[in-house]
Protein chains: 2
Amino acid sequence: MATGRTHRPATRSRGIPEATVARLPLYLRALTALSERSVPTVSSEELATAAGVNSAKLRKDFSYLGSYGTRGVGYDVEYLVYQISRELGLTQDWPVVIVGIGNLGAALANYGGFASRGFRVAALIDADPAMAGKPVAGMPVQHTDELEKIISDNGVSIGVIATPAGAAQQVCERLVAAGVTSILNFAPTVLSVPEGVDVRKVDLSIELQILAFHEQRKAGEDAAAEAALPAVARDDAAIEAAADNVAASRKGPDGDVPAVMPA
Amino acid sequence: MATGRTHRPATRSRGIPEATVARLPLYLRALTALSERSVPTVSSEELATAAGVNSAKLRKDFSYLGSYGTRGVGYDVEYLVYQISRELGLTQDWPVVIVGIGNLGAALANYGGFASRGFRVAALIDADPAMAGKPVAGMPVQHTDELEKIISDNGVSIGVIATPAGAAQQVCERLVAAGVTSILNFAPTVLSVPEGVDVRKVDLSIELQILAFHEQRKAGEDAAAEAALPAVARDDAAIEAAADNVAASRKGPDGDVPAVMPA
DNA sequence: CATTGTGAACCGTTTCACAGCC
DNA sequence: GGCTGTGAAACGGTTCACAATG
C-alpha cells in the first residue's frame, strides 16, 4: 500500500479518521459499479463485500459522514455516490501535473483512472530537452523551465513526481514554491516538505519487499509442517534452513485457460 | 499509500508487527545509502531522519528484530543492513512474473528498483498475441498460454498484476492455481484469493483521491482564514462555497531553477 | 424484522520517559 | 555523557453486540 503523509495537527472537530478517508475511494468504486448496473440500494453487507472490507467497519465509516442509510433497507446507491464524491472533493476539477515522463510517467499519463474521477492531467513535464514537444498520451511534453508558469497558469495544486530519486527533492521544492500543496511521489526517496504540504508515496519495491517478508514466513511454516515439527514456537535457524526449499514443490495445472486481456 | 492484505491469524509468537515490517524497507534504503558512503555507524536519530520517521519508533521497531545497537554509540550500518535484509528475506532470490505488459507493465519491467533488491523479473506475460516475442526491457513478452509453465519452471511465488481491471481476477486465479502465493495488484479491483495468499494493492487513483480530500480541506481552511472567520468549528456550507476559490491566489517565483533529470 | 447506527470493549501502534549500558 | 532498549501510557482504529428504527 502506498503511504506517507505530512500532517497538521488534527485541530478541527468532526474530523473524518484518516483510515476512513483512505477507504472512501474503495466504497466509491464499488458504488459506481452498482450505479452502472442501475442497482438502487445496497446493504452494508453487500457493499462491504464488494469493497473488500467488513460491514461493521463500513457502517462506522459512513457514520462519520453522517447517517445516509435507512434501517431495515440499506443505502441509496446514487445518494451515497454523491455524498462520498462530495466529501472527497471529486465534484470539483483537479488539474494535475506529472513531472518525469519516463516509462512510469508515460504510464501515468495514459492511465484512465485519473480522468474518470475529476482529475485532469494539465501538463506533462520533463527535464530532457529532447522530450519537449513530443506527444505522450495525446499531449505535448513540456520542458521543466516552464514548470512554474504551468502550475500558476493552471492553478495546479496536485503534483505527481515520477522522476528518478536523485531529482525528486528538487522537483518537489519547485512544485511547492510554485503553489503545489499535495504531492504523489513515485520516486524512492523521502521528500522533505514544509508544513501544510501533503505527500503520499507509492513505492513499488517496498511493496515487493513486504510480500517477500510474508512469503519467507510461509516457506518457513510449510517446511516446519512438512518436517512434522510441532507448529508451536518459531525457530530462526529452522526457518532459515527451510527457506532454501522454497518453490521446490509447485504444480502447474492447466485446466481451464481463460483469455487474458492486454493491459 | 498502497495497502491491502490477506492474512492468516497471527498465531506464531515473536511476530514482528505489520507496521514495523512495512518500515523495514525504508530503513534498509537509508542504510544502504549510508553504506555506500562508507558511514560505519548511525544513531537512531540520524537514521530515523533519513528514513522519515521518528527515533522512538525506529528504536522500538529494531527492538522487535533483536537488539542490534550499542548504547552510547548507535548502530553498525553494515550489520543492520544484513539483519534487515535477512529478516525481509532479501538474501534469497525472488523470481517475479509481471502479467499485463501495457504502459504500466512495461514501466514495471524497466524499473530498476526490483533487481537491486533480490527480485528478478523471470517473465513478462501478456494476453495479446501481437505482443508475444516483442522485447520489453530486454526480455521477450510471452503469451498467457505459457503462464502455468513459466510459474512452475521458475518456481515463481510472487506475481505482479498490471492488467486492466476486467482481467485481473482471472489472472489472479491462474497465478494462484499455478503456485503463486503473493500478489502485487495494480488493477483497480478487489481480488478474492484463497486463505494463505497475500495480496497487496497499489491504486494510483485512490492515492490521488486521498490527496484531493486533504486538498479540499486546506482550501476550506484557507478561505476561512482569509474571511477572518474564527478558526473554530467546521462549517460544511462555508467550505463548499470556498472550494471554488481554490488556486485563485498562487504565486510562481522563479528564483533558482535547478535542472531536472528525465525519469 | 432486517438492517442501520453506535457506545463500549478490544487490539495494534505510537509516543513518552527513563532505566540500563557502553 | 550519550544513546539504546523498553515498560507504561496514550492514541487511533477495529470489532462486538445490541438498541434504535424505518
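Keep in mind that what you see is a predicted model, and the values were worked out from it rather than measured. Convention: sequence-line order gives letters A, B, ...; per-chain numbering from 1.
- Comparing C/dG5, D/dT14, C/dT14 by their nearest atom to the side chain of A/Y64 picks out D/dT14.
- What separates CZ of B/R59 from P of C/dT14 is a distance of 14 Å, to the nearest Å.
- Side chain of A/T20 to main chain of A/I16: no donor-acceptor pair is present (N/O by atom type, distance under 3.5 Å, no hydrogens or angles).
- The phosphate of D/dT15 has OP1 or OP2 within less than 4.0 Å of a side-chain N or O from A/K57.
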N/O to N/O distances under 3.5 Å, protein versus nucleotides 20-22 of chain D:
from, atom 1, to, atom 2, distance (Å)
D/dA20, N3, A/R71, NH1, 2.7

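- The pair B/R59-B/E45 fails the salt-bridge criterion, with no side-chain N (NZ, NE, NH1 or NH2) lying under 4.0 Å from an Asp/Glu carboxylate O.
- The nucleotide whose nearest atom lies closest to any side-chain atom of A/E18 is, among D/dG7, D/dT14, D/dG13, D/dG13.
- Residue B/L58 contributes atom CG, which lies 14 Å from atom P of D/dT6 at whole-angstrom precision.
- In this structure, the side chain of A/S43 engages the main chain of A/E46 through a donor-acceptor pair within 3.5 Å.
- Between B/R23 and B/E18 there is no salt bridge, since no side-chain nitrogen of the basic residue lies less than 4.0 Å from a carboxylate oxygen of the acidic one.
- Contact annotation for B/Y75: backbone-only contact, meaning every heavy-atom pair under 4.0 Å involves sugar-phosphate atoms and none involves a base.
- Between the P atom of D/dG5 and the CD atom of B/Q83 lies a distance of 12 Å, rounded to the nearest Å.
- If you check the side chains of A/Q169 and A/T189, you find no donor sitting under 3.5 Å from an acceptor.
- Considering only side-chain N and O atoms, B/S44 lies under 4.0 angstrom from the phosphate OP1 or OP2 of D/dT4.
- The phosphate of D/dT14 (OP1 or OP2) has a side-chain N or O of A/R23 nearer than 4.0 angstrom.
- For A/Y75 and A/Y68, the ring centers are positioned 6.0 Å apart or more.
- Between A/N54 and the phosphate of D/dT15, there is a side-chain N or O to OP1/OP2 separation shorter than 4.0 Å.
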